[in-house]
Protein chains: 2
Amino acid sequence: MYMKKESARPIISRRSRPAKTPLSRDVIVSSALEILDRDGLAGLSLRRVAAALDTGAASLYVYLTNLDELHALMLDEALATVQLPKSRRLSWRDRLKAFLLSYLHVLYNRRGLAQLALSTISSGPRTLLIWERLLGLLKEGDVEDAKAAWGVDLLTLYVTAIAAEKSNWRESGEGPGRVKDALLSASVEEFPLVVAFREALLSGDAEARLDWALDIIIDGIVGGRLPAASSAVPRPTQRRGTRSKP
Amino acid sequence: MYMKKESARPIISRRSRPAKTPLSRDVIVSSALEILDRDGLAGLSLRRVAAALDTGAASLYVYLTNLDELHALMLDEALATVQLPKSRRLSWRDRLKAFLLSYLHVLYNRRGLAQLALSTISSGPRTLLIWERLLGLLKEGDVEDAKAAWGVDLLTLYVTAIAAEKSNWRESGEGPGRVKDALLSASVEEFPLVVAFREALLSGDAEARLDWALDIIIDGIVGGRLPAASSAVPRPTQRRGTRSKP
DNA sequence: GTTCTTGACGAACACTGTTCGTTATGCCGT
DNA sequence: ACGGCATAACGAACAGTGTTCGTCAAGAAC
(Lines give C-alpha, C1' and ligand atoms only; values in the text may rest on other atoms or scores of the structure.)
Protein backbone atom coordinates (compact mmCIF):
# COMPACT_ATOMS: atom_id res chain seq x y z
CA MET A 1 0.00 0.00 0.00
CA TYR A 2 1.51 3.24 -1.14
CA MET A 3 1.03 6.61 0.50
CA LYS A 4 0.96 9.72 -1.55
CA LYS A 5 3.17 12.42 -0.19
CA GLU A 6 1.70 14.56 2.61
CA SER A 7 -1.24 12.19 2.84
CA ALA A 8 -0.99 10.44 6.18
CA ARG A 9 -3.93 8.21 5.43
CA PRO A 10 -3.54 5.22 3.09
CA ILE A 11 -5.54 5.39 -0.09
CA ILE A 12 -7.77 2.43 -0.75
CA SER A 13 -9.15 1.97 -4.19
CA ARG A 14 -12.91 1.57 -4.40
CA ARG A 15 -12.27 -0.87 -7.16
CA SER A 16 -11.42 -3.62 -4.71
CA ARG A 17 -14.43 -5.35 -6.16
CA PRO A 18 -14.03 -7.28 -9.41
CA ALA A 19 -14.28 -5.98 -12.99
CA LYS A 20 -11.97 -2.99 -12.98
CA THR A 21 -8.32 -3.19 -12.06
CA PRO A 22 -7.80 -1.52 -8.68
CA LEU A 23 -5.98 1.75 -9.18
CA SER A 24 -2.65 2.34 -7.49
CA ARG A 25 0.54 4.22 -8.20
CA ASP A 26 2.24 1.03 -9.34
CA VAL A 27 -0.53 0.17 -11.78
CA ILE A 28 -0.56 3.70 -13.14
CA VAL A 29 3.22 3.74 -13.60
CA SER A 30 3.24 0.34 -15.30
CA SER A 31 0.51 1.36 -17.68
CA ALA A 32 2.30 4.63 -18.44
CA LEU A 33 5.53 2.79 -19.27
CA GLU A 34 3.65 0.51 -21.66
CA ILE A 35 2.25 3.54 -23.46
CA LEU A 36 5.70 5.15 -23.54
CA ASP A 37 7.17 2.02 -25.14
CA ARG A 38 4.49 1.97 -27.78
CA ASP A 39 3.98 5.67 -28.55
CA GLY A 40 7.00 7.53 -27.27
CA LEU A 41 6.91 10.63 -25.10
CA ALA A 42 4.68 12.55 -27.50
CA GLY A 43 2.10 9.80 -27.19
CA LEU A 44 2.12 9.71 -23.41
CA SER A 45 -0.57 11.67 -21.61
CA LEU A 46 -2.62 11.37 -18.45
CA ARG A 47 -5.73 10.92 -20.54
CA ARG A 48 -4.23 7.98 -22.39
CA VAL A 49 -3.01 6.35 -19.21
CA ALA A 50 -6.47 6.82 -17.71
CA ALA A 51 -8.12 5.38 -20.80
CA ALA A 52 -5.84 2.35 -20.65
CA LEU A 53 -6.99 1.82 -17.07
CA ASP A 54 -10.62 2.37 -18.00
CA THR A 55 -10.99 5.49 -15.91
CA GLY A 56 -10.88 9.26 -16.23
CA ALA A 57 -7.78 11.42 -16.09
CA ALA A 58 -9.00 13.11 -12.93
CA SER A 59 -8.91 9.78 -11.09
CA LEU A 60 -5.16 9.66 -11.42
CA TYR A 61 -4.86 12.78 -9.29
CA VAL A 62 -5.86 10.78 -6.26
CA TYR A 63 -2.56 8.91 -6.59
CA LEU A 64 -0.32 11.47 -8.30
CA THR A 65 0.31 15.13 -7.71
CA ASN A 66 0.81 15.90 -11.41
CA LEU A 67 2.43 14.73 -14.64
CA ASP A 68 5.92 15.57 -13.40
CA GLU A 69 5.47 13.15 -10.52
CA LEU A 70 4.35 10.43 -12.91
CA HIS A 71 7.47 11.04 -14.99
CA ALA A 72 9.69 10.72 -11.93
CA LEU A 73 8.00 7.48 -10.87
CA MET A 74 8.26 6.08 -14.40
CA LEU A 75 11.96 6.84 -14.60
CA ASP A 76 12.70 5.32 -11.23
CA GLU A 77 10.68 2.21 -12.07
CA ALA A 78 12.45 1.77 -15.40
CA LEU A 79 15.85 1.95 -13.76
CA ALA A 80 15.09 -1.32 -11.98
CA THR A 81 16.25 -3.14 -15.10
CA VAL A 82 19.74 -1.64 -15.20
CA GLN A 83 22.11 -4.59 -14.88
CA LEU A 84 25.42 -4.88 -13.13
CA PRO A 85 27.50 -7.78 -14.47
CA LYS A 86 28.14 -10.25 -11.72
CA SER A 87 31.33 -11.74 -13.01
CA ARG A 88 34.26 -10.91 -10.79
CA ARG A 89 36.55 -11.91 -13.62
CA LEU A 90 35.93 -8.52 -15.15
CA SER A 91 37.88 -5.57 -13.80
CA TRP A 92 36.05 -2.91 -11.84
CA ARG A 93 36.50 -0.63 -14.82
CA ASP A 94 34.98 -3.05 -17.31
CA ARG A 95 32.09 -3.67 -14.95
CA LEU A 96 31.65 0.07 -14.57
CA LYS A 97 31.53 0.51 -18.32
CA ALA A 98 29.15 -2.42 -18.72
CA PHE A 99 26.92 -0.99 -16.02
CA LEU A 100 26.85 2.41 -17.70
CA LEU A 101 26.14 0.73 -21.01
CA SER A 102 23.22 -1.10 -19.42
CA TYR A 103 21.98 2.21 -18.02
CA LEU A 104 22.15 3.71 -21.50
CA HIS A 105 20.32 0.71 -23.00
CA VAL A 106 17.49 1.08 -20.52
CA LEU A 107 17.12 4.76 -21.34
CA TYR A 108 17.53 4.34 -25.08
CA ASN A 109 15.49 1.18 -25.64
CA ARG A 110 12.32 2.58 -24.10
CA ARG A 111 11.03 5.22 -26.50
CA GLY A 112 11.19 8.65 -25.01
CA LEU A 113 12.60 7.55 -21.66
CA ALA A 114 15.91 9.28 -22.23
CA GLN A 115 14.22 12.58 -23.05
CA LEU A 116 12.01 12.14 -20.03
CA ALA A 117 15.11 11.48 -17.92
CA LEU A 118 16.65 14.77 -18.98
CA SER A 119 13.69 16.79 -17.83
CA THR A 120 12.85 14.79 -14.73
CA ILE A 121 14.30 15.00 -11.27
CA SER A 122 14.51 11.42 -10.09
CA SER A 123 15.45 10.52 -6.56
CA GLY A 124 13.60 7.29 -5.96
CA PRO A 125 15.04 4.09 -4.53
CA ARG A 126 16.19 2.66 -7.87
CA THR A 127 17.99 5.88 -8.67
CA LEU A 128 19.73 5.69 -5.31
CA LEU A 129 20.69 2.10 -6.13
CA ILE A 130 22.30 3.27 -9.38
CA TRP A 131 24.41 5.72 -7.36
CA GLU A 132 25.21 3.05 -4.78
CA ARG A 133 26.52 0.69 -7.46
CA LEU A 134 28.50 3.37 -9.23
CA LEU A 135 30.08 4.48 -5.98
CA GLY A 136 30.89 0.85 -5.19
CA LEU A 137 32.66 0.35 -8.49
CA LEU A 138 34.66 3.56 -8.19
CA LYS A 139 35.57 2.67 -4.62
CA GLU A 140 36.76 -0.72 -5.86
CA GLY A 141 38.95 1.20 -8.29
CA ASP A 142 40.45 3.14 -5.36
CA VAL A 143 39.07 6.43 -6.58
CA GLU A 144 39.14 9.10 -3.86
CA ASP A 145 35.74 9.79 -2.32
CA ALA A 146 35.40 13.35 -3.58
CA LYS A 147 36.25 12.32 -7.12
CA ALA A 148 33.90 9.36 -6.93
CA ALA A 149 31.04 11.54 -5.76
CA TRP A 150 31.40 14.14 -8.47
CA GLY A 151 32.33 11.52 -11.01
CA VAL A 152 29.04 9.74 -10.53
CA ASP A 153 27.28 12.99 -11.35
CA LEU A 154 29.37 13.48 -14.50
CA LEU A 155 28.97 9.90 -15.71
CA THR A 156 25.22 9.67 -15.23
CA LEU A 157 24.62 13.06 -16.77
CA TYR A 158 26.73 12.29 -19.80
CA VAL A 159 25.16 8.86 -20.39
CA THR A 160 21.66 10.27 -20.02
CA ALA A 161 22.46 13.07 -22.45
CA ILE A 162 23.87 10.81 -25.11
CA ALA A 163 20.95 8.41 -24.77
CA ALA A 164 18.58 11.32 -25.29
CA GLU A 165 20.56 12.58 -28.25
CA LYS A 166 20.43 9.20 -29.95
CA SER A 167 16.73 8.94 -29.16
CA ASN A 168 16.13 12.33 -30.73
CA TRP A 169 17.83 11.15 -33.93
CA ARG A 170 15.77 8.00 -33.97
CA GLU A 171 12.50 9.83 -33.35
CA SER A 172 13.28 12.42 -36.04
CA GLY A 173 13.47 9.58 -38.53
CA GLU A 174 16.44 11.08 -40.32
CA GLY A 175 19.27 10.15 -38.01
CA PRO A 176 22.14 12.60 -38.25
CA GLY A 177 21.04 13.59 -41.75
CA ARG A 178 20.50 17.22 -40.90
CA VAL A 179 23.88 17.62 -39.25
CA LYS A 180 25.51 15.70 -42.07
CA ASP A 181 23.90 18.01 -44.60
CA ALA A 182 25.09 21.03 -42.67
CA LEU A 183 28.63 19.69 -42.58
CA LEU A 184 28.66 18.70 -46.23
CA SER A 185 27.34 22.06 -47.35
CA ALA A 186 29.44 24.18 -44.97
CA SER A 187 31.44 26.93 -46.66
CA VAL A 188 35.21 26.43 -46.48
CA GLU A 189 35.59 30.21 -46.31
CA GLU A 190 33.43 30.49 -43.22
CA PHE A 191 34.24 27.20 -41.53
CA PRO A 192 37.69 26.03 -42.69
CA LEU A 193 38.26 23.71 -39.74
CA VAL A 194 34.79 22.22 -39.81
CA VAL A 195 35.34 21.40 -43.49
CA ALA A 196 38.86 20.09 -42.85
CA PHE A 197 37.62 17.91 -39.99
CA ARG A 198 34.52 16.83 -41.84
CA GLU A 199 35.49 13.20 -42.16
CA ALA A 200 36.55 12.88 -38.56
CA LEU A 201 33.44 14.68 -37.38
CA LEU A 202 31.26 12.20 -39.22
CA SER A 203 33.28 9.10 -38.43
CA GLY A 204 32.51 6.33 -36.00
CA ASP A 205 29.26 4.88 -34.84
CA ALA A 206 27.49 5.87 -31.64
CA GLU A 207 28.86 2.90 -29.73
CA ALA A 208 32.45 3.71 -30.60
CA ARG A 209 31.96 7.30 -29.54
CA LEU A 210 30.40 6.29 -26.25
CA ASP A 211 33.16 3.81 -25.52
CA TRP A 212 35.81 6.40 -26.23
CA ALA A 213 34.07 9.10 -24.20
CA LEU A 214 33.63 6.81 -21.20
CA ASP A 215 37.33 5.95 -21.34
CA ILE A 216 38.14 9.65 -21.45
CA ILE A 217 35.92 10.41 -18.49
CA ILE A 218 36.89 7.41 -16.39
CA ASP A 219 40.58 8.06 -17.04
CA GLY A 220 39.95 11.60 -15.94
CA ILE A 221 38.15 10.57 -12.80
CA VAL A 222 40.87 8.11 -11.88
CA GLY A 223 43.88 10.26 -12.64
CA GLY A 224 42.55 13.79 -12.46
CA ARG A 225 42.74 16.38 -9.75
CA LEU A 226 40.55 16.34 -6.67
CA PRO A 227 37.52 18.58 -6.76
CA ALA A 228 38.09 21.97 -5.21
CA ALA A 229 35.58 23.16 -2.66
CA SER A 230 35.26 26.40 -4.56
CA SER A 231 36.52 27.76 -7.79
CA ALA A 232 37.72 31.09 -9.06
CA VAL A 233 36.04 30.74 -12.41
CA PRO A 234 33.34 33.34 -13.01
CA ARG A 235 29.97 31.97 -12.18
CA PRO A 236 26.47 32.68 -13.42
CA THR A 237 23.82 33.63 -10.89
CA GLN A 238 22.13 30.41 -9.91
CA ARG A 239 21.69 28.02 -7.05
CA ARG A 240 24.00 25.21 -6.24
CA GLY A 241 23.08 21.70 -7.19
CA THR A 242 22.31 19.64 -10.26
CA ARG A 243 19.91 16.91 -11.21
CA SER A 244 20.79 13.29 -10.45
CA LYS A 245 23.26 14.83 -8.13
CA PRO A 246 24.67 12.43 -5.70
CA MET B 1 15.51 37.96 -47.43
CA TYR B 2 15.34 34.48 -46.15
CA MET B 3 14.17 31.49 -48.11
CA LYS B 4 12.35 28.69 -46.43
CA LYS B 5 13.84 25.37 -47.17
CA GLU B 6 12.73 23.73 -50.40
CA SER B 7 11.04 26.96 -51.42
CA ALA B 8 12.89 28.34 -54.41
CA ARG B 9 10.80 31.46 -54.47
CA PRO B 10 11.41 34.29 -51.96
CA ILE B 11 8.58 35.03 -49.61
CA ILE B 12 7.48 38.62 -49.52
CA SER B 13 5.34 39.77 -46.67
CA ARG B 14 2.11 41.51 -47.56
CA ARG B 15 2.73 43.65 -44.55
CA SER B 16 5.28 45.77 -46.38
CA ARG B 17 2.83 48.59 -45.86
CA PRO B 18 2.87 50.39 -42.51
CA ALA B 19 1.00 49.47 -39.31
CA LYS B 20 1.91 45.82 -38.89
CA THR B 21 5.47 44.62 -38.61
CA PRO B 22 6.34 42.69 -41.77
CA LEU B 23 6.59 39.00 -40.99
CA SER B 24 9.81 37.15 -41.61
CA ARG B 25 11.69 34.24 -40.09
CA ASP B 26 14.00 36.62 -38.27
CA VAL B 27 11.13 38.58 -36.74
CA ILE B 28 9.38 35.39 -35.69
CA VAL B 29 12.55 33.99 -34.11
CA SER B 30 13.30 37.23 -32.26
CA SER B 31 9.80 37.42 -30.91
CA ALA B 32 9.92 33.78 -29.86
CA LEU B 33 13.17 34.32 -27.97
CA GLU B 34 11.63 37.26 -26.11
CA ILE B 35 8.73 35.08 -25.04
CA LEU B 36 11.14 32.31 -24.02
CA ASP B 37 13.11 34.75 -21.85
CA ARG B 38 9.96 35.95 -20.15
CA ASP B 39 7.90 32.77 -19.80
CA GLY B 40 10.24 29.84 -20.23
CA LEU B 41 9.70 26.88 -22.52
CA ALA B 42 6.30 26.07 -21.05
CA GLY B 43 5.14 29.55 -21.95
CA LEU B 44 6.35 29.42 -25.53
CA SER B 45 3.83 28.52 -28.18
CA LEU B 46 3.11 29.38 -31.79
CA ARG B 47 -0.09 31.06 -30.73
CA ARG B 48 1.73 33.31 -28.32
CA VAL B 49 4.38 34.20 -30.86
CA ALA B 50 1.64 34.97 -33.37
CA ALA B 51 -0.23 37.09 -30.85
CA ALA B 52 2.94 39.06 -30.10
CA LEU B 53 3.24 39.77 -33.82
CA ASP B 54 -0.45 40.66 -34.10
CA THR B 55 -1.27 37.77 -36.39
CA GLY B 56 -2.66 34.26 -36.30
CA ALA B 57 -0.71 31.09 -35.62
CA ALA B 58 -1.42 29.82 -39.12
CA SER B 59 0.47 32.77 -40.60
CA LEU B 60 3.68 31.51 -39.15
CA TYR B 61 3.46 28.38 -41.27
CA VAL B 62 4.27 30.45 -44.32
CA TYR B 63 7.74 30.98 -42.88
CA LEU B 64 8.22 27.86 -40.73
CA THR B 65 7.57 24.21 -41.35
CA ASN B 66 6.58 23.52 -37.72
CA LEU B 67 7.44 24.17 -34.08
CA ASP B 68 10.58 22.01 -34.26
CA GLU B 69 11.98 24.25 -36.96
CA LEU B 70 11.26 27.33 -34.85
CA HIS B 71 13.15 25.70 -31.95
CA ALA B 72 16.14 25.00 -34.18
CA LEU B 73 16.19 28.56 -35.49
CA MET B 74 15.85 29.97 -31.97
CA LEU B 75 18.76 27.90 -30.70
CA ASP B 76 21.00 28.84 -33.58
CA GLU B 77 20.14 32.50 -33.20
CA ALA B 78 20.83 32.45 -29.47
CA LEU B 79 24.26 30.92 -30.00
CA ALA B 80 25.32 34.13 -31.73
CA THR B 81 26.09 35.58 -28.29
CA VAL B 82 28.56 32.88 -27.23
CA GLN B 83 31.84 34.70 -26.63
CA LEU B 84 35.39 33.62 -27.27
CA PRO B 85 37.88 35.61 -25.17
CA LYS B 86 40.23 37.48 -27.46
CA SER B 87 43.18 37.72 -25.17
CA ARG B 88 46.13 35.75 -26.44
CA ARG B 89 47.63 35.95 -23.00
CA LEU B 90 45.33 33.17 -21.91
CA SER B 91 46.35 29.64 -22.78
CA TRP B 92 44.37 27.73 -25.38
CA ARG B 93 42.99 25.63 -22.54
CA ASP B 94 41.80 28.60 -20.49
CA ARG B 95 40.23 30.13 -23.57
CA LEU B 96 38.55 26.79 -24.31
CA LYS B 97 37.12 26.65 -20.79
CA ALA B 98 36.03 30.29 -20.95
CA PHE B 99 34.36 29.64 -24.30
CA LEU B 100 32.51 26.61 -22.93
CA LEU B 101 31.49 28.63 -19.89
CA SER B 102 30.11 31.33 -22.19
CA TYR B 103 28.22 28.64 -24.08
CA LEU B 104 26.74 27.40 -20.84
CA HIS B 105 25.82 30.93 -19.78
CA VAL B 106 23.94 31.50 -23.03
CA LEU B 107 22.00 28.28 -22.60
CA TYR B 108 21.37 28.75 -18.89
CA ASN B 109 20.59 32.46 -18.80
CA ARG B 110 17.74 32.25 -21.27
CA ARG B 111 14.89 30.45 -19.58
CA GLY B 112 14.21 27.12 -21.17
CA LEU B 113 16.89 27.41 -23.85
CA ALA B 114 18.98 24.61 -22.40
CA GLN B 115 16.01 22.22 -22.35
CA LEU B 116 15.15 23.28 -25.86
CA ALA B 117 18.77 22.61 -26.87
CA LEU B 118 18.57 19.05 -25.60
CA SER B 119 15.59 18.23 -27.73
CA THR B 120 16.54 20.20 -30.81
CA ILE B 121 18.80 19.26 -33.66
CA SER B 122 20.68 22.42 -34.48
CA SER B 123 22.92 22.70 -37.51
CA GLY B 124 22.69 26.35 -38.42
CA PRO B 125 25.57 28.71 -39.15
CA ARG B 126 26.10 29.76 -35.54
CA THR B 127 26.23 26.16 -34.43
CA LEU B 128 28.86 25.50 -37.08
CA LEU B 129 30.76 28.50 -35.78
CA ILE B 130 30.77 27.01 -32.27
CA TRP B 131 32.30 23.84 -33.70
CA GLU B 132 34.79 25.86 -35.76
CA ARG B 133 35.99 27.70 -32.69
CA LEU B 134 36.20 24.59 -30.54
CA LEU B 135 38.17 22.78 -33.21
CA GLY B 136 40.45 25.78 -33.50
CA LEU B 137 41.18 25.79 -29.80
CA LEU B 138 41.85 22.05 -29.67
CA LYS B 139 44.07 22.31 -32.72
CA GLU B 140 46.01 25.07 -30.99
CA GLY B 141 46.47 22.61 -28.13
CA ASP B 142 47.95 20.09 -30.58
CA VAL B 143 45.12 17.64 -30.05
CA GLU B 144 44.99 14.98 -32.79
CA ASP B 145 42.24 15.52 -35.32
CA ALA B 146 40.22 12.45 -34.44
CA LYS B 147 40.28 13.29 -30.74
CA ALA B 148 39.39 16.91 -31.46
CA ALA B 149 36.42 15.88 -33.57
CA TRP B 150 34.94 13.50 -31.04
CA GLY B 151 35.97 15.72 -28.18
CA VAL B 152 33.90 18.58 -29.52
CA ASP B 153 30.88 16.28 -29.49
CA LEU B 154 31.57 15.25 -25.90
CA LEU B 155 32.19 18.77 -24.65
CA THR B 156 29.14 20.37 -26.24
CA LEU B 157 26.87 17.53 -25.17
CA TYR B 158 28.07 17.65 -21.59
CA VAL B 159 27.81 21.44 -21.29
CA THR B 160 24.33 21.42 -22.81
CA ALA B 161 23.23 18.69 -20.44
CA ILE B 162 24.51 20.41 -17.33
CA ALA B 163 22.95 23.70 -18.40
CA ALA B 164 19.62 21.90 -18.80
CA GLU B 165 19.99 20.18 -15.47
CA LYS B 166 20.61 23.45 -13.66
CA SER B 167 17.72 25.04 -15.53
CA ASN B 168 15.44 22.22 -14.43
CA TRP B 169 16.38 22.86 -10.81
CA ARG B 170 15.75 26.57 -11.22
CA GLU B 171 12.38 26.05 -12.91
CA SER B 172 11.26 23.55 -10.26
CA GLY B 173 11.74 26.24 -7.64
CA GLU B 174 13.27 23.87 -5.12
CA GLY B 175 16.76 23.51 -6.45
CA PRO B 176 18.33 20.21 -5.46
CA GLY B 177 15.90 19.90 -2.55
CA ARG B 178 14.35 16.70 -3.73
CA VAL B 179 17.66 14.96 -4.29
CA LYS B 180 18.95 16.32 -0.99
CA ASP B 181 15.90 14.93 0.77
CA ALA B 182 16.40 11.58 -0.88
CA LEU B 183 20.03 11.49 0.20
CA LEU B 184 19.31 12.62 3.73
CA SER B 185 16.56 10.08 4.19
CA ALA B 186 18.35 7.18 2.46
CA SER B 187 18.55 4.01 4.51
CA VAL B 188 22.07 3.04 5.48
CA GLU B 189 21.04 -0.62 5.24
CA GLU B 190 19.98 -0.27 1.61
CA PHE B 191 22.46 2.39 0.47
CA PRO B 192 25.55 2.26 2.69
CA LEU B 193 27.82 3.99 0.20
CA VAL B 194 25.33 6.67 -0.69
CA VAL B 195 24.98 7.43 3.01
CA ALA B 196 28.73 7.31 3.56
CA PHE B 197 29.34 9.62 0.59
CA ARG B 198 26.47 11.89 1.45
CA GLU B 199 28.59 14.89 2.30
CA ALA B 200 30.74 14.56 -0.80
CA LEU B 201 27.72 14.00 -2.99
CA LEU B 202 26.16 17.23 -1.75
CA SER B 203 29.34 19.29 -1.69
CA GLY B 204 30.45 21.98 -4.04
CA ASP B 205 28.48 24.47 -6.05
CA ALA B 206 27.54 24.04 -9.69
CA GLU B 207 30.40 26.15 -10.94
CA ALA B 208 33.01 24.14 -9.08
CA ARG B 209 31.56 20.91 -10.43
CA LEU B 210 31.55 22.22 -13.97
CA ASP B 211 35.13 23.45 -13.67
CA TRP B 212 36.28 20.09 -12.34
CA ALA B 213 34.36 18.13 -14.97
CA LEU B 214 35.74 20.23 -17.81
CA ASP B 215 39.28 19.65 -16.52
CA ILE B 216 38.57 15.92 -16.38
CA ILE B 217 37.24 15.88 -19.92
CA ILE B 218 39.85 18.17 -21.43
CA ASP B 219 42.65 16.20 -19.74
CA GLY B 220 41.11 13.09 -21.20
CA ILE B 221 40.86 14.54 -24.67
CA VAL B 222 44.47 15.74 -24.56
CA GLY B 223 46.04 12.67 -23.04
CA GLY B 224 43.62 9.88 -23.83
CA ARG B 225 43.64 7.27 -26.51
CA LEU B 226 42.65 7.93 -30.10
CA PRO B 227 39.14 7.01 -31.07
CA ALA B 228 38.85 3.57 -32.57
CA ALA B 229 36.96 3.24 -35.81
CA SER B 230 34.93 0.46 -34.29
CA SER B 231 34.52 -1.05 -30.90
CA ALA B 232 33.95 -4.52 -29.51
CA VAL B 233 31.55 -3.35 -26.86
CA PRO B 234 28.00 -4.67 -27.31
CA ARG B 235 25.86 -2.19 -29.12
CA PRO B 236 22.17 -1.39 -29.01
CA THR B 237 20.22 -1.38 -32.26
CA GLN B 238 20.35 2.16 -33.52
CA ARG B 239 21.80 4.31 -36.23
CA ARG B 240 25.13 5.98 -36.11
CA GLY B 241 25.36 9.60 -35.19
CA THR B 242 24.45 11.96 -32.41
CA ARG B 243 23.03 15.44 -32.11
CA SER B 244 25.39 18.41 -32.32
CA LYS B 245 27.68 15.92 -33.89
CA PRO B 246 30.61 17.43 -35.54
C1' DG C 1 -30.47 2.99 9.51
C1' DT C 2 -28.07 7.26 9.28
C1' DT C 3 -24.16 10.05 8.68
C1' DC C 4 -19.75 11.01 7.06
C1' DT C 5 -15.67 10.37 4.27
C1' DT C 6 -13.70 10.00 0.08
C1' DG C 7 -12.60 7.42 -4.52
C1' DA C 8 -14.22 7.89 -9.02
C1' DC C 9 -14.81 10.54 -12.80
C1' DG C 10 -17.36 13.79 -16.17
C1' DA C 11 -17.45 18.56 -17.14
C1' DA C 12 -15.20 22.59 -17.59
C1' DC C 13 -11.44 25.68 -18.29
C1' DA C 14 -7.67 27.41 -20.80
C1' DC C 15 -4.59 26.03 -23.61
C1' DT C 16 -1.77 23.42 -27.64
C1' DG C 17 0.01 22.28 -32.91
C1' DT C 18 -1.44 21.92 -37.31
C1' DT C 19 -4.48 21.85 -41.49
C1' DC C 20 -8.13 23.69 -44.34
C1' DG C 21 -10.47 27.04 -46.79
C1' DT C 22 -11.41 31.72 -47.76
C1' DT C 23 -10.27 36.47 -48.61
C1' DA C 24 -7.78 40.25 -50.08
C1' DT C 25 -3.56 42.18 -51.74
C1' DG C 26 0.05 42.82 -54.94
C1' DC C 27 2.29 41.59 -59.17
C1' DC C 28 2.25 40.77 -64.00
C1' DG C 29 0.65 40.81 -68.70
C1' DT C 30 -2.07 42.98 -72.03
C1' DA D 1 -6.06 50.87 -66.50
C1' DC D 2 -7.77 46.48 -66.01
C1' DG D 3 -8.13 41.59 -65.41
C1' DG D 4 -6.08 37.41 -63.95
C1' DC D 5 -3.25 34.91 -61.03
C1' DA D 6 -0.44 33.73 -57.07
C1' DT D 7 -0.13 33.71 -52.50
C1' DA D 8 0.23 36.01 -47.64
C1' DA D 9 -2.77 36.36 -44.02
C1' DC D 10 -5.53 34.38 -40.84
C1' DG D 11 -10.00 32.51 -38.69
C1' DA D 12 -12.15 28.17 -38.10
C1' DA D 13 -11.80 23.63 -37.22
C1' DC D 14 -9.85 19.46 -35.57
C1' DA D 15 -7.95 16.60 -32.12
C1' DG D 16 -5.61 16.86 -28.46
C1' DT D 17 -3.39 18.50 -23.56
C1' DG D 18 -3.03 19.21 -17.92
C1' DT D 19 -5.51 20.33 -14.17
C1' DT D 20 -9.44 21.80 -11.15
C1' DC D 21 -14.22 21.65 -9.74
C1' DG D 22 -18.28 19.57 -8.36
C1' DT D 23 -21.20 15.67 -7.94
C1' DC D 24 -22.29 11.02 -6.96
C1' DA D 25 -22.14 6.69 -4.86
C1' DA D 26 -19.92 3.23 -2.08
C1' DG D 27 -18.12 1.88 2.14
C1' DA D 28 -17.00 2.74 7.01
C1' DA D 29 -18.32 4.27 11.47
C1' DC D 30 -21.63 4.92 14.85
Sidechain N-carboxylate O distance under 4.0 Å for B/Lys166, B/Glu207: yes
Want to settle it: does B/Ser45 or A/Gly56 sit nearer the 5' end of DNA chain C, counting the closest nucleotide to each? A/Gly56
Students often get this wrong, so: under 4.0 angstrom with heavy atoms, is B/Ala50 touching a base, only sugar-phosphate, or nothing? nothing
Test A/Leu23 against A/Val62 for side-chain contact (heavy atoms from CB on, under 4.5 Å), laying out the working first. CA-CA 9 Å; A/Leu23 295 176; A/Val62 173; over 6 Å; no
Once hydrogens and angles are ignored, does a donor-acceptor distance under 3.5 Å link the base of C/dT16 to the side chain of B/Arg48? no
Measure from CG on B/Asn66 to P on C/dT16 and round the result to the nearest Å. 17 Å
Whole angstrom is fine here: how far is it from CG in A/Leu67 over to P in D/dG18? 5 Å
Would you kindly compare A/Asp68 and B/Leu53 by the position of their nearest DNA chain D nucleotide and give the one closer to the 5′ end? B/Leu53
B/Leu64 CG to D/dA8 C1', straight-line distance once rounded to whole Å: 14 Å
Atom-pair distance (CG on A/Asp39; C1' on D/dG16), nearest Å: 14 Å
Starting the side chain at C-beta, find the nucleotide from D/dA8, D/dA12, C/dG17 nearest to B/Ala58. D/dA12
Counterpart residues, salt bridge (charged side-chain N to carboxylate O under 4.0 Å, His left out), relative to B/Arg133 (two or more places apart): none
Tell me whether the side-chain N/O atoms of B/Ser59 come closer than 4.0 Å to OP1 or OP2 in D/dA8. no
Between B/Arg198 and B/Leu183 (side chain of the first, backbone of the second, donor and acceptor by atom type, cut-off under 3.5 Å), is there such a pair? yes
Could you check B/Leu60 against A/Gly43 and say which one's nearest nucleotide on DNA chain D is further toward the 5' end? B/Leu60
Side chain of B/Val62 only, please: which of C/dT18, D/dA9, D/dT17 is the nearest? D/dA9
Hey, does the side chain of A/Arg25 reach the backbone of A/Leu70 with a donor-acceptor pair shorter than 3.5 angstrom? no
Roughly how many Å is it from CG in A/Leu44 to C1' in D/dG16, rounded to a whole number? 14 Å
Just how far, in rounded Å, is C1' of D/dT17 from CZ of B/Arg47? 12 Å
Rounding to an integer number of Å, can you tell me how far B/Leu23 CG sits from D/dA8 C1'? 9 Å
To the nearest Å, give me how far apart CG (B/Leu41) and C1' (D/dT17) are. 15 Å
Of D/dT19, D/dA9, C/dT18, the nucleotide closest to the side chain of A/Leu46 is D/dT19
With a 4.0 Å cutoff (strictly under), does any side-chain N or O of B/Tyr63 reach OP1 or OP2 of D/dA9? yes
